[in-house]
Structure formats: structure tokens, C-alpha cells
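Quick one: the structure is below, questions incoming.
As a basis for the values below, the full set of heavy atoms in this structure was taken, side chains included, without hydrogen atoms, waters or symmetry mates.
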Amino acid sequence: MHERKTTMMRRQAAPILAGLGVMVALAACGGSSGGGSSSSTAAASATGTVKTISTAWPIDITTLDPANLSNSEDHELARNIYQTLESPAFKVEASGSLNFQGAKVSPELAKSWTIGKDSVTYHLRPGVKFYGTNDVVTA
């Protein structure tokens with residue numbers, strides 16, 4: 001039974017992962033919106049070559065529901081698909097690699113936040129739109 005469930009999950013995840021690969025490849029060709037190095041992106045675009053991105057996962061993806069992530073692979077995939085209010089902070093090294101900054105976070109959809117005694121109030125970046133609909137994100 002486990003083998004059948006694993007096979008079914010692989011069939012369901014294959015189109016999603018293929019689409020993710022296309023999105024990542026298109027993002028690589030479109031340049032960098034962050035502060036990181038984009039020299040390999042510029043080289044690939046200038047020469048007109050196509051690069052392939054291959055990813056290996058140690059276990060099957062169990063869900064794409066951001067409210068129901070159960071393992072580190074689910075979390076890693078979700079972070080590459082969904083934008084969040086904030087994300088883990090990384091420092092760009094001279095080599096272009098990213099260095100994880102521990103408990104520090106950086107803003108994404110939220111431009112800032114206020115931490116209260118029993119709450120956190122997020123202040124959203126103005127003008128952010130939902131992908132595909134162009135509806136403005138509001139509180």
C-alpha cells in the first residue's frame with residue numbers, strides 16, 4: 001500500500017515540480033530582483049544558452065498546503081512557491097552564496113511589523129498584487 005501511495009504522490013507532484021522548474025528557469029533568465037549576484041544569469045542570457053536546474057529530494061513531498069506543512073521538504077518547496085509576510089534572513093557573501101542568519105528575518109509582503117505584548121501587527125507593502133489576478137493585497 002505504501003508503494004502505491006508513493007507512486008500516486010509522485011504522479012501528482014511531477015507536474016507541479018515541472019512547473020516550478022520552468023518558473024525558476026524563467027526567473028533566472030529574467031535577472032535578479034534581490035541584492036544577490038546575477039553574473040551567471042547575465043552570462044546565460046547574453047549567450048542565449050538554456051540551463052537546466054535539477055533538484056533531488058530525500059523524501060516525497062506530502063503537501064503544497066502552506067497551513068499543513070509537515071516536513072522540511074514541504075517547507076522548502078513552499079518557500080519557493082508562496083510569498084510570505086517575512087522570511088529567514090540571509091547575508092550575500094562575496095562568492096555570491098547565501099549565509100543563513102539564524103533567528104533574524106527579513107520583510108517580504110510586510111514592509112514592517114510591530115510586536116505587542118500578545119500580538120504582532122504587520123504593515124503590508126503598498127501596491128502588492130496577487131499573481132495572476134492583479135488584485136491588490138490588502139489587510
Side-chain angles (χ1 to χ4, degrees):
M1 181 68 176
H2 176 71
E3 185 175 324
R4 181 176 174 199
K5 183 178 178 184
T6 301
T7 303
M8 185 174 17
M9 290 174 69
R10 283 186 183 145
R11 281 191 207 134
Q12 292 170 345
I16 294 166
L17 292 176
L20 178 61
V22 169
M23 289 188 301
V24 170
L26 289 174
C29 292
S32 174
S33 61
S37 170
S38 62
S39 60
S40 63
T41 301
S45 297
T47 62
T49 60
V50 176
K51 294 191 176 198
T52 301
I53 298 172
S54 299
T55 304
W57 298 89
I59 63 172
D60 288 335
I61 304 300
T62 59
T63 182
L64 288 176
D65 180 356
N68 193 28
L69 304 175
S70 62
N71 59 49
S72 60
E73 287 72 24
D74 292 349
H75 284 274
E76 187 173 343
L77 183 60
R79 280 193 295 271
N80 284 287
I81 295 175
Y82 304 111
Q83 243 186 327
T84 59
L85 293 168
E86 58 192 42
S87 64
F90 292 91
K91 178 183 175 190
V92 179
E93 300 295 333
S95 65
S97 62
L98 299 175
N99 187 1
F100 178 63
Q101 297 296 298
K104 294 181 182 177
V105 295
S106 60
E108 282 203 27
L109 290 176
K111 66 179 179 179
S112 63
W113 49 90
T114 307
I115 300 175
K117 181 180 176 185
D118 297 328
S119 64
V120 176
T121 303
Y122 288 96
H123 309 279
L124 301 178
R125 285 187 298 135
V128 175
K129 296 180 180 183
F130 285 103
Y131 178 77
T133 66
N134 284 330
D135 293 336
V136 177
V137 176
T138 63

What pair of heavy atoms forms the shortest contact from Trp113 to Tyr122, and how long is it?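 Of all heavy-atom pairs spanning Trp113 and Tyr122, the closest is CB-CD2, 3.8 Å.
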About how many Å separate CG of Asp74 and CG of Leu64, when rounded to the nearest 0.5 Å? 7.5 Å
Drop me the distance from Arg125's CZ to Leu85's CG, to the nearest 0.5 angstrom. 10.5 Å
Distance check, rounded to the nearest 0.5 Å: Thr63 atom OG1 versus His75 atom NE2? 10.5 Å
On a heavy-atom basis, which atom in Val92 and which in Leu98 lie closest, and how many Å separate them?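 Closest heavy-atom pair between Val92 and Leu98: CG2-CD2, 3.7 Å.
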Shared ILVMFWY cluster between Leu109 and Phe130, side chains joined below 4.5 angstrom?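 Leu109 and Phe130: one cluster.
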Closest non-hydrogen atom pair, Thr84 against Glu108: O-CB, 2.9 Å
Ignoring hydrogens and angles, tell me if any N or O in the side chain of Asp60 forms a donor-acceptor pair with the backbone of Thr62 under 3.5 Å. no
Would you name the heavy atoms of Ser97 and Ser95 that are closest together and state the gap between them? OG-OG, 3.0 Å
Please say yes or no: joined through hydrophobic side-chain contacts below 4.5 Å, possibly via intermediate residues, are Leu124 and Val120 part of one cluster? yes
Between Pro88 and Ser106, which heavy-atom pair has the shortest distance, and what is it?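 Answer, listing the atom of Pro88 first, then Ser106: O-OG, 3.9 Å.
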Atom CD1 of Ile61 and atom CD of Glu73: how far apart are they, to the nearest 0.5 Å? 6.5 Å
Out of curiosity, Asp65 CG to Tyr82 OH, how far, rounded to the nearest 0.5 Å? 7.0 Å
For the pair Gln101 (side chain) and Asn99 (backbone), establish whether a donor and an acceptor sit closer than 3.5 Å, ignoring hydrogens and angles. yes
